[in-house]
Protein chains: 2
Amino acid sequence: MDHAGRRDRLRAVAGGAGLDAVLVTNLLNVRYLTGFTGSNGALLLRADSDDVFGTDGRYTTQAGVQVPDLELLVDRSTVSALATRAAHLGTGRLGYESHDVTVDGLHALERVLGEAAGGGAVPELVSIRRAVETLRAIKDGDEVEALRRACTVADRALAELAAEGALRPGRTELDVGRELDARMLQLGAEAPSFETIVATGANSAVPHHRPDATVLRDGDLLKLDFGATVDGYHSDMTRTLVLGHATDWQQEVYALVAASQAAGRAALAVGAEVAAVDAAARDVIVAAGHGEHFTHGLGHGVGLEIHEAPGISALGAGTLAAGMAVTVEPGVYLPGHGGVRIEDTLIVADGEPELLTLTSKELLVL
Amino acid sequence: MDHAGRRDRLRAVAGGAGLDAVLVTNLLNVRYLTGFTGSNGALLLRADSDDVFGTDGRYTTQAGVQVPDLELLVDRSTVSALATRAAHLGTGRLGYESHDVTVDGLHALERVLGEAAGGGAVPELVSIRRAVETLRAIKDGDEVEALRRACTVADRALAELAAEGALRPGRTELDVGRELDARMLQLGAEAPSFETIVATGANSAVPHHRPDATVLRDGDLLKLDFGATVDGYHSDMTRTLVLGHATDWQQEVYALVAASQAAGRAALAVGAEVAAVDAAARDVIVAAGHGEHFTHGLGHGVGLEIHEAPGISALGAGTLAAGMAVTVEPGVYLPGHGGVRIEDTLIVADGEPELLTLTSKELLVL
């Protein structure tokens, strides 16, 4: 992955904001900018000089392998040590992540900077807001490739379980969820992307139902919302199946959600307002009289986090750009009866978006 | 779990600090105090009245099931809505978690409190520090039971893989790690406790080696550091095995670490200084001339987090109390050759500590 190129893009942002250096503390942002995957690391990015990567002694070896191109600073108090370095380098304006640093963390930074400055000028702390998250919203080729692999693992896990008859009446939601998770690990996932949702029968009407001991029954809907993490990148897919045979209302709701989802995918275009994309899918459901049963936003960005920029909802602001990875996931939930959600992960592109989750969206009767 | 009792203990702490209410935002602390397991929730705990639990619309149903005893406030801006409620209730001094709330979060809280107060008195925000984490360090019976089950899953997963011959020359670290993870899920874990460490040969000398494509070879050490999460509670265990046959140096290092680990366990007593517990184990290794090869602290608390209070290290402060769940995990790492770590999870008690990780600590030759 092109970590140096990413750092240079952040350097340009920092330069534009008149910052001499930026202290990046959000661990996913650090990973994005350096490749480091340990549980403690931070980056001092300098406007016109070499950057310094900090971690503690547990990760000396790992940092040498993953971040070979940066100066390494090893210290138990990693962030404080990097701040001290920044002060000693004569940093005037020091950017920091005010959405990540806690109140206690800020006080510690101020104390350390004051001490390191001696009697001299103390660096001024300036929030860079979500500058790195904004960069992260546009995926580069390596990131798309990781997302593609993550989606493939999820596709395969579901296909294998379906082929083996694991999704059959008599089993519990928990059985199915654990098997999906285990299968994704066997297929190369580092972890599930989030707590896998398995919801059958009336539970499928709960958008974020946690799998429990509910038994799968003939004629029930079965909603599966799950994903795999590969190289840190998350896939996200929902499919709703039906066990044994589909009733008329199940088929009608399914067809409605599928039409909405297709409209949402068709609206994914470079320059599209996110609220308009939401509306394209939502209008289909509203027109059918089910607007009140679609209770959440249409989708979200996905990458090193399962939920990241951009949000795609009625209240969202901003437009789509080429290289954004997003989900499209409308649902119709009929309390007490059941619900259907269909979700894909896609890459926004000039022309057609690229579909990464390739499992069929025909109503599967198992 | 006795969430009401836990809230009453925090209420006593808040009362002692002269607070009218506390806004708990750390999600694990919220879980500890309410039982809520979703990804967004907060608690307004009131000094002498009923508490309010807040979440967003995704979790209305789940909150009704998991937190039936508290008033439920559903709002997309959960924390802001609870702060507004606190202001409307005439809260004078409002405790908050300054180690959890970000700088941006504090500014949002201040803005919301000012708006909600109208022209009246604005509630004063006062840090409660790690008050909830301090309570969490002492486990109650339900928590110990969850930890016991988490440890049992890890014990069984390792026993099954060893019995099936999965830990044999020719396989890779990644193979073994993924099988351990998958087996723990099949045995009822929600997730691995952390990124499973599988380190063979010279890699075993790296304390936190990430499993890679290194192939297990006859005569190599194989260090496995892993755990299962059950009902949110984490187990943590390390065992070091040897493949095929043990050389003299491997046996010597193993015996040394085992003696150190036994000394550490023996030092776990109510009232013991954590630094003295570390020293009890470390002295054994230092006396054998390997002090420089034991490069980390002896152990840490474990519970809803894999690392929590108390830390057990040479620089640690404080004493052990009955009901603390801790690890004891000395290691000797010989760079370029290999390393041995032996780790258990135990409960500090009057008299003998209770050992939760029951896998044998004899040097296993597979």
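First the proteins, then the strands, lettered A, B, ... as listed; each starts at 1.
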(message) Under the criterion side chain to side chain donor-acceptor pair (under 3.5 Å), I'd like the reasoning laid out for B:T102 against B:D104: C-alpha separation, chi angles, the key distance, then a yes or no.
(response) CA-CA 5 Å; B:T102 65; B:D104 286 356; 5.5 Å; no

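Residue A:R156 places its CZ atom among 12 or fewer non-hydrogen atoms of other residues, nucleotides or ligands, all under 6.0 Å distant.
Interface summary for chain A: among B:S127, B:G188, B:G38, B:G105, the most heavy-atom pairs under 4.5 angstrom belong to B:G188. Taking B:H209, B:E97, B:R58 one by one and counting their heavy-atom pairs under 4.5 Å with chain A, the maximum is reached by B:R58. For the set B:A182, B:S98, B:G57, the count of heavy-atom pairs under 4.5 angstrom toward chain A peaks at B:S98. For the set A:V101, A:D181, A:D175, A:V206, the count of heavy-atom pairs under 4.5 angstrom toward chain B peaks at A:V101.
Relative to the ring axis of B:Y233, B:R149 does not place its NZ or CZ within 45° and under 6.0 Å from the centre.
Between the side chains of A:D56 and A:T78, no donor-acceptor pair is found at a separation under 3.5 Å. Inspection of the B:Q66 and B:T37 side chains reveals an N or O donor paired with an N or O acceptor under 3.5 Å.
With a 4.5 Å cut-off on non-hydrogen atoms, A:Y96 touches chain B through its side chain but not through its backbone. Only the backbone of A:A189 comes within less than 4.5 Å of a heavy atom of chain B; no side-chain atom from C-beta onward does. Looking at A:H296, there are no atoms closer than 4.5 Å to chain B (heavy atoms on both sides), in backbone or side chain. Interface remark: A:T295 contributes no atoms to any contact with chain B (heavy atom separation under 4.5 Å). For chain A, the nearby part of B:R210 is the side chain; its heavy atoms alone come within less than 4.5 Å.
Between A:H208 and B:Y59, the ring planes lie tilted relative to each other; the angle falls in the 30° to 60° range.
Side-chain atoms of B:L109 and B:V79, non-hydrogen and from C-beta on, do get closer than 4.5 Å to each other.
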